[in-house]
Structures are given as C-alpha cells and as structure tokens.
2 protein chains.
Amino acid sequence: MILYDYCRSSAAYRVRIALNLKSLAYEQRAVNLVSGEHREDAHVQRNEQALVPVLEDNGMQLSQSLAICEYLDEAYPETYSLLLGTPLERANQRAFALAVACDIHPVNNLRVLQYLVGEMGVDAEKKMQWYHHWIHTTFRALEAKLQKRKTPSAFCCAEQVTIADICLVPQVFNANRFAVDMTNYPLIKAINARCLEMEAFAKAHPDLQPGA
Amino acid sequence: MILYDYCRSSAAYRVRIALNLKSLAYEQRAVNLVSGEHREDAHVQRNEQALVPVLEDNGMQLSQSLAICEYLDEAYPETYSLLLGTPLERANQRAFALAVACDIHPVNNLRVLQYLVGEMGVDAEKKMQWYHHWIHTTFRALEAKLQKRKTPSAFCCAEQVTIADICLVPQVFNANRFAVDMTNYPLIKAINARCLEMEAFAKAHPDLQPGA
C-alpha cells in the first residue's frame with residue numbers, strides 16, 4: 001500500500017495509526033500542504049478534493065480518512081479491529097470519531113484558517129480565538145461524554161483502542177500545537193497519554209514522518 | 001424509534017431519508033435550533049454536543065448522522081442497505097458521504113455562520129461569500145468525481161441510492177436555499193432530481209416536517 005501523506009495532517013495521522021494497529025505495511029509519499037503540492041495535477045488525479053490522505057491499495061485510490069479506516073476493517077478483517085462489539089457500541093465509537101472528524105477538524109484545518117485570514121480579513125488573534133473556540137466546544141462535550149460512561153474504560157469507548165481514539169489523539173496533538181488549555185479535560189488527557197505509549201501511535205507521530 | 005429533529009438541519013434530513021429508505025417507523029420530536037432549544041438541558045442530556053439529530057432506539061440515544069446510518073444498516077440488515085458491494089465500493093460511498101458531511105456541512109452550518117458574524121465581525125456579504133466558497137470547493141470536486149466514473153450510474157455510486165446520495169440531497173437543498181449557482185454541476189443536479197422523485201426522499205423534505 002502507498003499512503004499519500006503529510007506529517008502534520010490530522011487526517012493522515014489517523015490513517016497511519018490505523019495501518020500500524022492493523023500491522024499493515026505501507027510506503028509513504030509526502031504531499032506538502034504548506035507548499036501547495038496537494039493542489040498540483042498529480043495529486044488532484046488521486047483525489048479530486050486535493051486533500052490528504054490518499055491510500056493506494058491494489059492500484060485503487062481511496063480518500064477520506066474515516067472511509068479508509070472502515071475499508072481497512074472490511075478488507076483486512078483478520079487483523080486488529082478498529083470497531084468493536086454490538087451495533088450500538090460501534091455506533092458510539094463512530095459517533096465519537098465523527099465528533100472530532102466533522103465538528104472540530106474541518107472547521108480548524110489549514111485551508112479554513114488560511115481563508116479566514118486571507119479572504120475574511122480576520123487577524124491573527126481572532127484566528128486563534130476561532131481555533132480555540134471550536135476545539136473547546138467539542139472537547140467539552142466529549143469530556144462530558146467520557147465522564148458519563150456507566151463503565152469507565154481505559155480508552156474512549158472500550159478497554160482497547162477503537163476508531164474513537166484514532167481520531168482523538170491527532171486532535172489533541174493539534175490542540176497542543178496551538179497551545180489550547182487542556183486543564184478541563186482530564187479524561188481526554190489520560191486516554192491520549194495511554195495511547196501515546198503504544199507503538200502504533202508512537203510510530204505515527206508527526207515528528208517521525210517524512211518531510212517533518 | 002424517536003428522532004429528535006429539526007426541519008432545516010441537513011444532518012437530521014439525512015437520517016429521515018435513511019429511516020424512510022429502510023421503512024423503519026419513527027416518531028419525530030422537533031428541537032428548534034433557531035430558538036436555541038438544542039442548548040437546553042433536556043437536549044444536552046440526550047447529546048452532550050447539543051446537536052441534532054439524536055435517534056432513540058430501545059431507549060438508547062445515538063448521535064452523529066453518519067454513525068446513525070451505519071447503525072441502522074448493522075441493526076436492521078434485513079431492510080434496505082445504505083452501503084453496497086465490495087469493501088472498495090463501500091469505501092467510495094463513504095468517502096462521497098464524508099466529503100459532504102466533513103468538508104461542507106460543518107464549515108457552513110448555523111452555529112459556524114452565527115460565530116462568523118457575531119464573534120469574528122464578518123458582514124452579511126462576506127458570510128455569503130464564505131458559504132458559497134465551501135460549497136463550490138467540494139461540489140467542484142464531487143462533480144469531477146462523478147464525471148470520472150468508468151461506468152456512470154443513476155445515483156452517485158451505484159444504480160441504487162447509497163449513503164452518498166443521502167448526504168448529497170440535503171446539501172443541494174441547502175445550497176439552493178442560499179442561492180448557490182448550480183450551473184456547473186449537471187451530474188449533481190440530475191442525481192438530486194432523481195432522488196427527489198423517490199418517496200423516501202420526498203417525505204423527508206424539510207418543508208414537510210413538524211415545526212417547518
């Protein structure tokens with residue numbers, strides 16, 4: 001498999017964790033989002049949305065990190081499962097993942113922040129306020145969700161890592177990069193720390209990727 | 001089942017379509033996003049994120065529209081399938097759905113537009129520019145994806161409706177409401193029109209919901 005990747009992309013970071021958890025070998029090709037390589041023809045041919053990650057498997061190109069994770073579970077069911085248990089449990093794992101993947105990440109990603117500053121005329125301070133606002137809005141809800149669990153587990157939704165943790169960890173990395181105050185999120189912090197001790201997460205860390 | 005719903009929420013509209021396609025009976029309870037009912041305790045108890053939709057099934061409350069759709073497919077496999085075919089085909093259906101659900105809807109939804117105006121000081125004209133920009137960015141990519149299909153099908157990803165179409169139709173409704181020029185999206189328009197002819201879509205239309 002080939003993963004078209006960028007070291008600091010949260011969405012690509014999720015797929016690296018998923019591939020590592022499932023012990024699937026992959027080659028990485030860096031697509032530099034800062035220099036604009038993702039908007040070049042070669043990458044748009046892979047993904048009309050001009051986003052990373054793109055996973056190439058058997059010559060087919062897949063986009064959207066959560067669709068890729070679901071694909072990996074369906075195409076390689078003999079390896080680690082990213083979703084576990086009953087339909088209800090799986091729905092909770094997916095809902096947690098989607099809260100990050102829909103309600104934080106797309107509102108705070110590089111292209112949106114660039115548009116805020118470049119086209120909306122928002123200054124650097126207001127841009128940071130925007131970033132922090134959307135992180136806190138959803139982290140508050142997720143921390144409350146974790147607090148309310150009837151049987152607290154080591155990870156977000158189970159005693160083992162699921163797609164929920166795969167989305168949480170890159171978002172916490174990003175929050176730390178933007179100096180978000182994490183004081184009110186003790187459960188999120190504890191789960192994040194537990195994940196980072198695992199090799200699948202450690203190896204996926206942005207600082208260790210090509211182009212970092 | 002009880003669906004906590006709002007007539008003009010794109011995410012709730014998706015779940016109404018999914019429930020109708022699967023011929024599952026549900027009761028609707030309107031949660032008025034304009035008057036702020038979603039931020040009241042009663043609703044936050046159901047969903048810490050204070051968003052709609054929430055689906056209650058067997059007393060359990062589920063959030064995030066795409067997690068709900070996946071749940072319905074897993075819990076009620078004997079009815080219409082919202083995802084079809086091989087892992088690769090299903091990945092394409094999910095990726096299409098996620099392009100709308102991650103890359104358009106959360107950036108353009110009511111709370112984000114309100115924050116742009118209220119906290120970022122963006123004026124009405126710039127707000128509309130923002131809205132149109134993010135619709136066009138992803139619709140251009142999705143139209144190109146539809147054009148590139150090796151075997152064009154009646155719907156986004158297959159000869160029958162999948163989760164991709166369930167996400168597309170509410171987004172086109174929203175685009176029309178904001179007077180987005182759809183001239184460059186003939187395939188999106190044709191698929192949307194085909195869907196609207198189906199009873200499952202027609203019955204889910206915002207104008208026909210409680211509180212509309």
Side-chain angles (χ1 to χ4, degrees), chain A residues 11 44 47-51 55 57-58 60 62-68 70-76 83 86-88 90-99 101-107 111-112 115-116 119-122 126-127 129-130 133-134 137-138 140-145 147-148, chain B residues 11 44 47-51 55 57-58 60 62-68 70-76 83 86-88 90-99 101-107 111-112 115-116 119-122 126-127 129-130 133-134 137-138 140-145 147-148:
Chain A
V44 176
N47 178 6
E48 298 81 1
Q49 284 198 271
L51 298 172
L55 183 71
D57 190 21
N58 295 316
M60 302 305 295
L62 295 109
S63 64
Q64 290 287 344
S65 61
L66 293 186
I68 294 172
E70 298 264 1
Y71 167 81
L72 293 174
D73 255 13
E74 293 186 356
Y76 301 96
L83 287 156
T86 64
L88 181 67
R90 293 160 62 89
N92 282 327
Q93 294 154 26
R94 286 189 176 108
F96 199 106
L98 287 162
C102 292
D103 297 324
I104 305 178
H105 178 248
V107 193
R111 67 179 188 173
V112 169
Y115 194 81
L116 262 185
E119 308 293 325
M120 296 286 107
V122 162
K126 285 240 169 195
K127 181 185 87 170
Q129 179 196 323
W130 167 279
H133 174 76
W134 299 114
T137 299
T138 299
R140 259 196 307 272
L142 293 178
E143 183 74 18
K145 206 181 172 81
Q147 295 280 3
K148 268 173 62 178
Chain B
V44 176
N47 178 6
E48 300 81 2
Q49 284 198 272
L51 298 172
L55 183 71
D57 190 21
N58 296 315
M60 303 303 297
L62 295 109
S63 64
Q64 290 288 344
S65 60
L66 292 187
I68 294 172
E70 298 264 1
Y71 167 80
L72 293 174
D73 255 13
E74 293 185 357
Y76 301 96
L83 287 157
T86 64
L88 180 68
R90 293 159 63 89
N92 281 329
Q93 294 153 26
R94 287 188 175 108
F96 199 105
L98 286 162
C102 292
D103 297 324
I104 305 177
H105 177 249
V107 193
R111 66 179 188 174
V112 169
Y115 193 83
L116 261 185
E119 308 293 326
M120 296 286 109
V122 161
K126 284 241 170 193
K127 182 185 87 170
Q129 178 195 324
W130 168 277
H133 175 76
W134 298 115
T137 299
T138 300
R140 259 196 307 270
L142 293 178
E143 183 75 17
K145 206 180 171 81
Q147 295 280 2
K148 267 172 64 178

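Here is how names work: the chains are called A, B, and so on, in the same order as the sequence lines, proteins then strands, and each is numbered from 1.
- The greatest number of non-hydrogen atom pairs below 4.5 Å with chain B, out of A:H133, A:H105, A:K145, A:E143, is found for A:H133.
- Heavy atoms of A:V112 lying under 4.5 Å from chain B belong to its backbone as well as its side chain.
- Of the two parts of B:Q129, the backbone and the side chain both hold a non-hydrogen atom closer than 4.5 Å to a non-hydrogen atom of chain A.
- Using a 4.5 Å cut-off between heavy atoms, B:T137 touches chain A through its side chain atoms alone.
- Top candidate by heavy-atom pairs under 4.5 Å with chain A, chosen from B:A141, B:A144, B:S63, is B:A141.
- Of the listed residues A:L98, A:V122, A:L116, the one with more heavy-atom pairs under 4.5 angstrom with chain B than any other is A:L98.
- Rounded to the nearest 0.5 Å, atoms SG (A:C102) and CD (B:Q49) are 9.0 Å apart.
- No other option in B:A50, B:A97, B:A95 has as many heavy-atom pairs under 4.5 Å with chain A as B:A95.
- Here the side chains of A:D103 and B:L51 are in contact, with some heavy-atom distance below 4.5 Å.
- Looking at A:I68, there are no atoms closer than 4.5 Å to chain B (heavy atoms on both sides), in backbone or side chain.
- Counting all heavy atoms, side chain and backbone alike, A:A91 lies closest to B:Y71 at CB-CB, 3.9 Å.
- Counting only heavy atoms from C-beta outward, the side chains of B:R94 and A:L62 never approach each other to under 4.5 Å.
- Neither the backbone nor the side chain of A:R140 comes within contact range of chain B, judged by heavy atoms closer than 4.5 Å.
- Ranked by heavy-atom pairs under 4.5 Å with chain A, the list B:Q93, B:K148, B:R111 is led by B:R111.
- By number of non-hydrogen pairs under 4.5 angstrom with chain A, the leading residue of B:V44, B:D73, B:L88 is B:L88.
- A heavy-atom distance below 4.5 Å is not found between the side chains of A:E48 and B:L142.
- B:W134 and A:Y115 have perpendicular rings, their planes meeting at more than 60° on a 0 to 90° scale where under 30° would count as parallel.
- Taking B:E119 as the reference, nothing meets the side-chain hydrogen bond (donor to acceptor under 3.5 Å, both in side chains) condition, with sequence neighbours excluded.
- The choice from B:R90, B:E74, B:M60 that makes the most heavy-atom pairs within less than 4.5 Å of chain A is B:E74.
- Residue A:M120 touches chain B through both its backbone and its side chain, counting heavy-atom pairs closer than 4.5 Å.
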